[in-house]
Each structure stands twice: as structure tokens, then as C-alpha cells.
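What follows is a single structure, written as C-alpha cells, with notes after it.
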Amino acid sequence: MGYTSLALRSMFGTNNGIAGQVLVGFGTDEQKARWLGPIASGDVVASFALTEPGAGSNPAGLRTKAFRDNGNWVISGQKRFITNAPVAGVFVVFARTRPADERGAGIAVFLVPADAAGVDVGVKDAKMGQEGAWTSDVNFNDVQVDAEALIGGSEDIGYRAALTSLARGRVHIAAVAVGTAQRALDESVAYAASATQGGTPIGNFQLVQAMLADQQTGVLAGRALVRDAARLWVSGEDRRIAPSAAKLFCTEMAGKVADLAVQIHGGSGYMRGVPVERIYRDVRLLRLYEGTSEIQRLIIGSNLVRAAQR
């Protein structure tokens, strides 16, 4: 998917990934039976509603609130840059039910049907790249849901569910970054082998070969790191450091490979309709969502220090 279109894969990356995996990992049997089939078939599009104007990479800062009212829950708050929102059938919504205390972070997660009263989906965002990945703001204005909408039946599952889903998603993002980088490399090699300067294929020039070599090295290193991080995730050996390291390296690598691809193409690489121009814009987002590169560095560093201190 990353090799072809980051925007298209965004639908699946959210539906089957960060949103659907909250239900897979933390939902009750009844919630799984009700929602996972329709989500898997595409009859219902799921959306992961975590990011807010004042809370992005760190879910502990969210301000959307939920409170009990006669056995139901009432949710109020604003979410931003929510993927699949304009076409969503259900939102996986994170909300604070109380201040953080000794019992936990006080963050719960709810299943909110998109047609519930008080759900207001904003206009589709206009972005630098990945235009085919539909995102928008979503406002929850005193939205009422019944008790069964609380995922896992617990108020304290939300924070753990967010961190777990995002960590798994980081391996996913690292993988699609490698796919995109491979596409940029392939486009670069094909162009270098055929485009000429002064009658000579530009791929015969050593400085162009050096750029291709840097691209290839990054792609190979990224692919190996993704596979290792995925193995560690599946085995349960490392679900913290390896996903963040993979996302950090692979998304930064994809940005460098895309930049070199434009450079190899010269002026043509700056023109709309040329694949590397789109790739150059699309990959920039990879370093921002599901935890910025800076957040990944903090996760890696802090976990290494804590492990040594233990």
C-alpha cells in the first residue's frame, strides 16, 4: 500500500489499524460481535478520534470530557485532524472522565455512532499532501451514548488502549514509509537510467550514483528494522522502544529518499503529475502523526534510562 498511495492506505490504516485494534485488544465480547464484522467488511468505516487542538502526540493532555447521566454517558469536546471522519460510521472517541489520580489517567474510550445527535463533522481538510486521506475536525456537543458504548466496560482503559494502538500503528507507519521509499528509489533508478544530459544517461554520473546508493542503503536498513520491530511486537518482547525506533528511522529515511528522488529528477521532479513530486509531499506527514519524531526520541530515550535504573 505504501508503494502505491499513502492516501489510499490511510483508510485501511485507520479502519483496520489504530481504530479497529482498540476494539480487538480492549472491547468486550458484545462490542466485538457488534462492530468488528462490519468494520472488517467495510460496511462501517471506523475513525480514531484522539487528537485535539491542545493534545496531539501525548494523549495525557486531552480535554474532551465524558460524564455519567442516568446510566448513559455524555461526551463533549473537539477533535482535530481525524482521519476518515467525513466518511466514518463510528468514532472511537477518547475522553477524560476525571483528573488523573492514583487509580489511573482518567481517560476512557467510547464507541460513538457518526449519526448520534450532537456529532458535528467539519469540512474536509485541505492538506499539503495525501489529499485522498480525508480528515476533518469533529465536535462532540453533549453527545449521549449508552453504557454499552464504553469500550471494555472500564473508565481506565482509554489511556492504555491509546498507547497500545499507537505503538502497534508505529510499526505500520514504518512499514508504509519503507514502501514509499522503495517507490521513490525505483522511480529514481528508472529516470537515471533513461534521462540524458549532453547525450549521456545521468545514471552514468558518479554523483547521481551516489544519491541512488544513499537511497538504496536507507531502504534496505528500514526494511530490516521494520521486520525486526514487527517480530518483537508479535512475540511481546518489545512493544515500546522498537516500534518508536522503527517509526523514527523509517519516516525520517523516507523523507531523505524522497528529497533525493526530486533532486535526481531535476526540474521534472518539481512538476505535478510526476510520481516523486507527490511522494515528496506525501511523506512529510509520516514524521508528524501517530507521534512526531521528537516524541519517538523521548519514548526511546526515557525507556532506555528507566530500564537501566530498574
Side-chain angles (χ1 to χ4, degrees), residues 14-15 18-23 25-28 30-36 38-39 43-101 103-126 133-166 289-290:
T14 298
N15 189 73
I18 53 177
Q21 290 301 314
V22 171
L23 268 174
F26 299 92
T28 64
E30 293 76 13
Q31 289 166 340
K32 292 177 182 179
R34 165 68 180 86
W35 291 105
L36 286 183
I39 288 173
D43 291 331
V44 171
V45 175
S47 184
F48 186 82
L50 174 64
T51 301
E52 298 181 0
S57 297
N58 182 7
L62 67 82
R63 291 180 289 185
T64 295
K65 295 182 179 179
F67 64 89
R68 291 183 184 273
D69 181 35
N70 294 324
N72 294 329
W73 288 94
V74 180
I75 303 170
S76 295
Q78 181 185 11
K79 301 294 183 177
R80 177 158 290 177
F81 310 138
I82 304 304
T83 302
N84 288 351
V87 294
V90 64
F91 291 99
V92 176
V93 182
F94 294 82
R96 185 172 295 284
T97 59
R98 66 171 194 278
D101 55 27
R103 292 175 293 167
I107 295 173
V109 56
F110 300 89
L111 287 161
V112 180
D115 60 0
V119 176
D120 179 23
V121 178
V123 298
K124 176 179 171 288
D125 294 326
W134 287 18
T135 66
S136 69
D137 284 7
V138 184
N139 290 299
F140 297 91
N141 305 306
D142 294 328
V143 177
Q144 292 198 33
V145 292
D146 57 29
E148 286 69 36
L150 179 64
I151 293 182
S154 168
E155 292 183 39
D156 289 305
I157 278 179
Y159 187 66
R160 185 159 55 97
L163 293 183
T164 302
S165 189
L166 287 172
Y289 58 14
E290 296 192 34

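No experiment lies behind these values; they were computed from the predicted model shown. We number each residue from 1, following the sequence as shown.
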Between [atom1] of [X] and [atom2] of [Y], what distance do you get to the nearest 0.5 Å?
{"X": "Ile39", "Y": "Asn15", "atom1": "CD1", "atom2": "CG", "result": "6.0 Å"}
{"X": "Leu23", "Y": "Leu111", "atom1": "CG", "atom2": "CG", "result": "5.0 Å"}
{"X": "Phe110", "Y": "Glu148", "atom1": "CZ", "atom2": "CD", "result": "12.0 Å"}
{"X": "Asp146", "Y": "Asn72", "atom1": "CG", "atom2": "CG", "result": "6.0 Å"}
{"X": "Ile151", "Y": "Gln31", "atom1": "CD1", "atom2": "CD", "result": "6.0 Å"}

**Message:** Under a 3.5 Å distance rule, please check whether Ser47 uses its side chain to pair with a backbone N or O of Thr83 as donor and acceptor.
**Reply:** yes
[X]: what forms a side chain to side chain contact (heavy atoms under 4.5 Å, CB included) with it, not counting sequence neighbours?
{"X": "Ala162", "value": "Leu50, Pro59, Phe94"}
{"X": "Phe81", "value": "Thr51, Asp125"}
{"X": "Asn70", "value": "none"}
{"X": "Ser165", "value": "Ile18, Gln21, Val22, Phe48"}

What pair of heavy atoms forms the shortest contact from [X] to [Y], and how long is it?
{"X": "Val119", "Y": "Val112", "answer": "CG2-CG1, 3.9 Å"}
{"X": "Leu36", "Y": "Gly20", "answer": "CD2-O, 4.1 Å"}
{"X": "Trp73", "Y": "Ala147", "answer": "CD1-CA, 4.2 Å"}
{"X": "Thr97", "Y": "Ala108", "answer": "CG2-CB, 3.8 Å"}
{"X": "Ala49", "Y": "Ile82", "answer": "CA-CD1, 3.8 Å"}
{"X": "Ala114", "Y": "Ala88", "answer": "CB-O, 3.2 Å"}

**Prompt:** Who pairs with Arg80 by salt bridge (charged side-chain N to carboxylate O under 4.0 Å, His left out), at least two apart in sequence or on another chain?
**Reply:** Asp137
Considering residues at least two apart in sequence or located in another chain, which fulfil the side-chain hydrogen bond (donor to acceptor under 3.5 Å, both in side chains) criterion with [X]?
{"X": "Ser76", "result": "Asp142"}
{"X": "Tyr289", "result": "Arg9"}
{"X": "Thr14", "result": "none"}

Could you give all pairs that pass the salt bridge (Lys or Arg N to Asp or Glu O under 4.0 Å) test and reach [range], with sequence neighbours left out?
{"range": "residues 86-98", "result": "Arg98-Asp101, Arg98-Asp156"}
{"range": "residues 113-124", "result": "Lys124-Glu131"}
{"range": "residues 60-69", "result": "Arg68-Glu155"}

**Request:** Return yes when atom CH2 of Trp35 has more than 12 non-hydrogen atoms of other residues, nucleotides or ligands closer than 6.0 Å, and no otherwise.
**Result:**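 Result for CH2/Trp35: enclosed.
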